[in-house]
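These notes concern the structure reproduced below.
Note on naming: letters A, B, ... go to the chains in the order of the sequence lines (proteins, then strands), and numbering restarts at 1 for each one.
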Number of protein chains: 2
Amino acid sequence: MELRHIRYFLAVAEEQNFTRAANRLHIAQPPLSQQIKALEEDIGTALFFRTPHGAELTDAGQALYREVSGLPLQLQQAKETALKAANGETGKLRLGVTGTAALHPAIPAVIRQYRRRYPEVELTIEEANSLALAEGLLSDRLDAAILRPSDPDPTQLIVQHFLEEQLVIALPSSHPIARAHDTIDIAILKQEPFIMTPRTLAVSLHDAVVHVCQEAGFEPIVGQPAPQIASILSMVSAELGISMLPESMQQLAVKGVVYRPIKKTSIKVELAVAHRAQHPPKPAINFAATVNQQRVAREALLAEKPAISLTDINQD
Amino acid sequence: MELRHIRYFLAVAEEQNFTRAANRLHIAQPPLSQQIKALEEDIGTALFFRTPHGAELTDAGQALYREVSGLPLQLQQAKETALKAANGETGKLRLGVTGTAALHPAIPAVIRQYRRRYPEVELTIEEANSLALAEGLLSDRLDAAILRPSDPDPTQLIVQHFLEEQLVIALPSSHPIARAHDTIDIAILKQEPFIMTPRTLAVSLHDAVVHVCQEAGFEPIVGQPAPQIASILSMVSAELGISMLPESMQQLAVKGVVYRPIKKTSIKVELAVAHRAQHPPKPAINFAATVNQQRVAREALLAEKPAISLTDINQD
DNA sequence: CCATAGCTATATCCAAAACATATCGAGATG
DNA sequence: CATCTCGATATGTTTTGGATATAGCTATGG
């Protein structure tokens, strides 16, 4: 039995007439009679009474009609379902976000836009440091991630630039430098212990901090290591040292911690979207594309009003 | 898209390997590759990743698999459903039973046997006089009927003999003849008014009664007409006359009515099963066949023990 | 009552397409 | 590096779905 037999059967059943059904199917009447006959032989029983004015269903034909009448629609929908999956309109997206970026307003903005565009994709979001995210992508625990890129193997991950942000200094509010300066010249931090994420866990942020100091002519004193943004701020608040963080972290107000911009530095930290290079799920590709649209929109806005505050850039 | 494409797709999806799938399908590998390619073009997206060690489903392939994996089974069941309908194992049987036979023990016996044999057939039973039953068959309100046959048009109805029964006299218990005789010689009923169903409604029973009387040398005095068995017995009980009824009606005990066998008569009334001659529904044919089996069984029993009481013949 | 119209079935032919065979190219493996 | 396994491609063959012509049947109208 082939689908053709079903289509032909349904046409004859609905037209109650072989000739009309053949016209509707855009074939001649004799092959239609043949195919119906073949179907009847395959099933093992007559499906139609042939009358001088047409054909009508036998009991077996009626039973068959009830069983298969929905089949063409069912198959059409199966095709559409497959296509939607291929276009990333259904399925799931396991998204990872680096802990030092989750608070950046552009992140919720891009997630919101993606959800609006692909409402049928099941989205799960996980927060981790950039190293864990990259590993998650490679081991197929994540489909896409927003992370601070180190320079990964480009044959394994595709990483696409999203945005850059400047660094700011986080220091205890009681600290003399915080009291004395609105913007900070890095050089005066030469003697301060820097609370940082270990380089293995967050290469690019760590390196950016070191570069800023080197630019100012010294190597930072590495204080207490801290894997999480929350623990960094706790330690600063506890006056164990100072820290240098992406400016979006100012969103996180912690008692006993103040933020100060850095005077004159060109060093910035980058945020990017990444997914596997081989067989990336279409939802991941679509998410990266959404990120890219956001990037273009952001850059247009920033070019127009360069003095704009980051928090204002939050359009969809 | 044809079913072949679905079957091939499922085979490759399950084997995760074109070559093995081709073996399973009893075709060579190249045509399988071609058909899968054609399916992919029809749907508009790739369904498999081809790897050096086989093939695995893309997201679209997985979505399609979920949609169509049940299809072969579904079609197989559709075929079986159609076949069952063709064999009369499903569907409905609208059965009519003549009012003057419903109490004959062979009727529930045959219905019980049919239901046991065809439990999935939806059975509805309707009681009416033989004329109404014949009309019901012709107008497709009934599929089969147990009735007392007149001689209908054999091109319209197929009527098959079931059983014969003798007639008995029903008379008021207060009637002098009832008091005086255990078996009745018809001749002494010459002056009694006969309560009968009108001939138009029940030809054969009416004619049998008349024949019995003619055999005894007189024409019966036609008393009150009554269309239903219940009303006949009421009237007898009300002493409006006597009646002659099939012996199975003795099952119906009515206060004030007694039954007496007839002395020496060869006249019997017949019970038969009937269905339409053209396009009889298979359930009707099966019912007639069941009736026929019962008839054969009954006749064998009666030949063996001719003195048996009718009520004892109630086997399945 | 015959002729006609409308229907499906049959016979024959052709063309499309499903399949088989042979071979190729790519990636994994010893 | 040779080999093995896999799917893809090229080409020829066979099957089969479909077209055309026509027959056979049954209602219907003159």
Side-chain angles (χ1 to χ4, degrees), chain A residues 1-58 60-61 64-65 72 153 155-156 276-279, chain B residues 1-43 45-58 60-62 64-65 72 153 155-156 276-279:
Chain A
M1 179 159 56
E2 287 297 331
L3 263 181
R4 183 185 45 259
H5 296 115
I6 305 294
R7 284 194 298 266
Y8 289 6
F9 167 74
L10 293 175
V12 177
E14 280 157 19
E15 295 290 341
Q16 305 212 327
N17 178 306
F18 278 67
T19 311
R20 278 201 303 276
N23 287 334
R24 180 169 129 183
L25 294 166
H26 304 296
I27 62 169
Q29 170 262 316
L32 178 57
S33 288
Q34 287 172 7
Q35 295 295 318
I36 295 292
K37 189 180 170 188
L39 178 62
E40 289 178 326
E41 280 169 9
D42 177 44
I43 291 180
T45 183
L47 299 170
F48 295 99
F49 297 118
R50 274 73 163 176
T51 72
H53 44 277
E56 54 191 68
L57 288 165
T58 61
L64 185 65
Y65 186 86
D153 183 353
T155 66
Q156 300 239 58
R276 274 186 300 287
Q278 42 243 358
H279 298 327
Chain B
M1 179 158 59
E2 288 297 331
L3 262 181
R4 183 183 47 258
H5 296 114
I6 305 293
R7 284 193 299 266
Y8 290 6
F9 166 75
L10 293 176
V12 177
E14 281 157 18
E15 296 290 342
Q16 304 208 328
N17 179 306
F18 278 67
T19 310
R20 279 200 304 273
N23 287 334
R24 180 169 129 184
L25 293 165
H26 305 297
I27 63 170
Q29 170 262 317
L32 178 58
S33 289
Q34 287 171 8
Q35 295 295 317
I36 295 293
K37 189 178 169 190
L39 178 62
E40 289 178 326
E41 279 169 9
D42 177 44
I43 291 181
T45 183
L47 299 171
F48 294 99
F49 296 118
R50 275 73 164 176
T51 71
H53 43 277
E56 55 192 66
L57 288 166
T58 62
Q62 288 178 24
L64 185 65
Y65 187 86
D153 182 353
T155 66
Q156 300 240 59
R276 273 187 298 288
Q278 42 243 357
H279 298 327

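A 4.5 Å side-chain heavy-atom check between A/Tyr65 and A/Leu47 finds every atom pair outside the cut-off. With contacts defined as side-chain heavy-atom distances shorter than 4.5 Å, the pair B/Leu57/B/Phe9 qualifies. With a 4.5 Å cut-off on side-chain heavy atoms, A/Val12 and A/Leu32 count as touching. The side-chain heavy atoms of A/Phe48 and A/Gln16, taken from C-beta on, include no pair separated by under 4.5 Å.
Counting only N and O atoms by type, the side chains of A/Gln156 and A/Arg276 include no donor and acceptor under 3.5 Å apart.
Between the C1' atom of C/dA18 and the CG atom of B/Leu39 lies a distance of 15 Å, rounded to the nearest Å. In this structure, the CZ atom of A/Phe49 is 18 Å from the C1' atom of C/dA9, given to the nearest Å.
Minimum interatomic distance between B/Arg7 and B/Leu25 (heavy atoms only, all atoms of both residues): O-CD2, 4.3 Å.
The closest donor-acceptor contact from the side chain of A/Glu40 to the backbone of A/Thr45 lies at 3.5 Å or more, if one exists at all. When atom types are taken as modelled, the side chain of B/Glu2 and the backbone of A/Leu3 share a donor-acceptor pair closer than 3.5 angstrom.
Residue A/Lys37 places no side-chain N or O under 4.0 Å from the OP1 or OP2 atom of C/dT8.
Along DNA chain D, the nucleotide nearest A/Gln35 and the nucleotide nearest B/Gly54 are compared for position; the residue whose nucleotide lies closer to the 5' end is B/Gly54.
Counting 5' to 3', DNA chain D first comes under 4.0 angstrom of a heavy atom of chain A and last does so at the ends given by D/dG17 to D/dA27.
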Atom pairs under 3.5 Å: protein N/O with N/O of nucleotides 20-29 of chain C:
| unit_1 | atom_1 | unit_2 | atom_2 | d |
| --- | --- | --- | --- | --- |
| C/dA20 | OP2 | B/Ala28 | N | 2.5 |

> Could you go step by step and tell me if A/Gln29 and A/Ser33 meet the side chain to side chain donor-acceptor pair (under 3.5 Å) rule?
Replying inline: CA-CA 6 Å; A/Gln29 170 262 316; A/Ser33 288; 2.9 Å; yes
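Taking the charged nitrogens against the carboxylate oxygens, B/Glu56 and B/Arg50 have no contact shorter than 4.0 Å, which rules out a salt bridge.
Less than 4.0 Å separates DNA chain D from at least one heavy atom of each of the following residues of residues 1-19 of chain A: A/Arg4, A/Tyr8.
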